[in-house]
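Whatever order the structure lists ligands and atoms in, that order sets their numbers, starting from 1. All residue numbers in this chain count up from 1 along the given sequence. Computation of the quantities below employed the complete heavy-atom set of this structure, encompassing side-chain atoms and omitting hydrogens, waters and symmetry-equivalent molecules. Worth saying up front: this structure is predicted, and the values here are computed from it rather than measured.
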Amino acid sequence: IMTQQVSASSVLKPFFLKTPVRVVNPLRQRRHTLPASEFRNLTPQDAISVFEIEREAFVSVSGECPLTLKEVLNFLGQCPELSLGWFEEGQLVAFIIGSGWDKERLSQEAMTQHIPDNSTVHIHVLSVHRHCRQQGKGSILLWRYLQYLRCVLGLHRALLICEDFLVPFYLKAGFKEKGPSAISIPNMQFQEMEYMLDGQVYARRNSGC
Ligand SMILES: CC(=O)SCCNC(=O)CCNC(=O)[C@H](O)C(C)(C)COP(=O)(O)OP(=O)(O)OC[C@H]1O[C@@H](n2cnc3c(N)ncnc32)[C@H](O)[C@@H]1OP(=O)(O)O
């Protein structure tokens with residue numbers, strides 16, 4: 001059970017992971033080497049690495065990135081506490097960028113705005129480096145991110161939009177379908193998905209296990 005909580009006054013204000021989780025065997029860890037695996041909030045200094053992964057993931061497929069480099073910089077400057085990166089040997093291999101939102105459903109303005117001090121997180125983008133896909137990393141990062149959000153008192157739910165083919169991926173992660181999104185870009189339609197942070201504390205990442 002995750003009991004770590006921050007005070008209501010610091011909701012959606014900078015809140016960084018106090019102890020980055022390092023998945024390394026202490027016996028094998030040598031000095032002066034980068035951690036084998038580390039999860040931490042992103043900073044504007046990570047924007048270029050983020051954008052490189054994002055560009056490869058989306059531009060080649062749809063021609064559009066969820067976030068421009070400027071938007072990545074904006075969100076990592078305004079709400080770094082709603083991002084999470086997975087680094088291996090110091091290299092970013094997967095990330096999530098979120099921001100605050102204040103309405104029941106996502107609308108076009110949600111794409112570029114961070115609304116602080118609200119109970120909803122808009123997950124703008126989850127992306128895994130192309131060399132690391134289909135290894136469970138996307139699911140693991142998403143699960144860790146949702147667990148982390150639970151620790152931020154005052155946050156109740158996460159919303160995102162995705163294309164139809166990714167609906168099963170998010171259903172498996174515990175999201176529910178809210179129906180077609182009002183957000184559209186030429187030739188693309190999205191489904192809106194919602195994850196309630198209040199319940200499912202004991203939910204396992206792989207419900208099939
Ligand atoms: C809010 C958003 O950001 S929506 C957009 C999500 N991001 C992208 O599309 C960027 C490019 N893709 C990626 O970065 C990754 O493939 C992710 C984030 C979608 C998934 O991360 P991965 O680490 O590859 O996924 P993981 O190994 O945990 O799980 C695999 C499952 O993802 C789903 N999946 C991943 N890619 C696809 C795809 N192209 N088509 C359909 N399902 C897919 C499937 O359910 C798959 O399970 P299966 O192999 O049993 O069919």
Side-chain angles (χ1 to χ4, degrees), residues 23 37-39 42 46-47 49-69 71-72 74-76 79 82-88 91-101 105-114 120-149 155 157-185 187-197 203-209:
V23 187
S37 193
E38 179 180 36
F39 294 86
L42 297 169
D46 299 309
S49 311
V50 161
F51 193 65
E52 274 174 13
I53 294 178
E54 202 198 11
R55 196 168 47 182
E56 185 286 321
F58 295 97
V59 172
S60 57
V61 181
S62 63
E64 295 272 353
C65 275
L67 297 175
T68 63
L69 178 57
E71 286 162 353
V72 170
N74 280 347
F75 287 128
L76 295 185
C79 46
L82 297 179
S83 68
L84 190 62
W86 184 340
F87 295 81
E88 285 186 339
Q91 297 290 311
L92 185 68
V93 295
F95 68 90
I96 291 176
I97 294 179
S99 68
W101 183 239
R105 300 285 300 259
L106 294 172
S107 61
Q108 206 70 40
E109 304 86 72
M111 304 302 276
T112 49
Q113 284 179 22
H114 164 55
T120 300
V121 176
H122 171 197
I123 298 178
H124 289 268
V125 55
L126 157 67
S127 197
V128 176
H129 192 286
R130 68 190 162 100
H131 292 145
C132 304
R133 290 189 196 137
Q134 294 292 322
Q135 299 169 14
K137 283 193 162 64
S139 313
I140 291 169
L141 183 68
L142 183 58
W143 183 79
R144 289 190 85 117
Y145 180 76
L146 295 168
Q147 294 298 313
Y148 160 69
L149 290 186
L155 286 181
R157 62 186 193 137
L159 290 174
L160 59 80
I161 59 166
C162 67
E163 289 183 81
D164 285 345
F165 68 87
L166 282 176
V167 167
F169 173 78
Y170 288 111
L171 286 175
K172 224 188 283 178
F175 284 75
K176 302 270 183 290
E177 286 182 82
K178 281 186 84 75
S181 172
I183 298 167
S184 68
I185 57 172
N187 303 320
M188 288 182 88
Q189 273 137 25
F190 302 99
Q191 293 299 318
E192 189 161 340
M193 310 290 292
E194 176 181 55
Y195 185 93
M196 300 309 293
L197 294 162
R204 297 180 63 118
R205 183 168 52 80
N206 297 313
S207 53
C209 293

Inventory of protein N or O atoms under 3.5 Å from ligand 1 N or O:
residue	atom	partner	partner atom	Å
ligand 1	3 (O)	Leu126	N	2.9
ligand 1	7 (N)	Leu126	O	2.8
ligand 1	14 (O)	Val128	N	2.8
ligand 1	14 (O)	Arg133	NE	3.4
ligand 1	23 (O)	Gly138	N	2.7
ligand 1	24 (O)	Gln134	N	2.8
ligand 1	27 (O)	Gln135	N	3.3
ligand 1	27 (O)	Gly136	N	2.7
ligand 1	28 (O)	Ser139	N	3.0
ligand 1	28 (O)	Ser139	OG	2.5
ligand 1	49 (O)	Gln134	OE1	2.9

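- Among residues two or more places apart in sequence or in another chain, the ring-ring contact (aromatic ring centres under 6.0 Å, His included) test is passed with His124 by Phe75, His122.
- Taking the side chain to side chain contact (heavy atoms under 4.5 Å, CB included) definition, one finds that Ser107 meets it with Trp101, Glu109, sequence neighbours left out.
- For Glu71, there are no salt bridge (charged side-chain N to carboxylate O under 4.0 Å, His left out) partners at least two apart in sequence or on another chain.
- With Glu192 contributing its side chain and Leu106 its backbone, the two residues share a donor-acceptor pair below 3.5 Å.
- Between Ile96 and Tyr148 there is no side-chain heavy-atom pair separated by less than 4.5 Å.
- Side-chain atoms of Tyr145 do not come within 3.5 Å of backbone N or O of Ile97 as any donor-acceptor pair.
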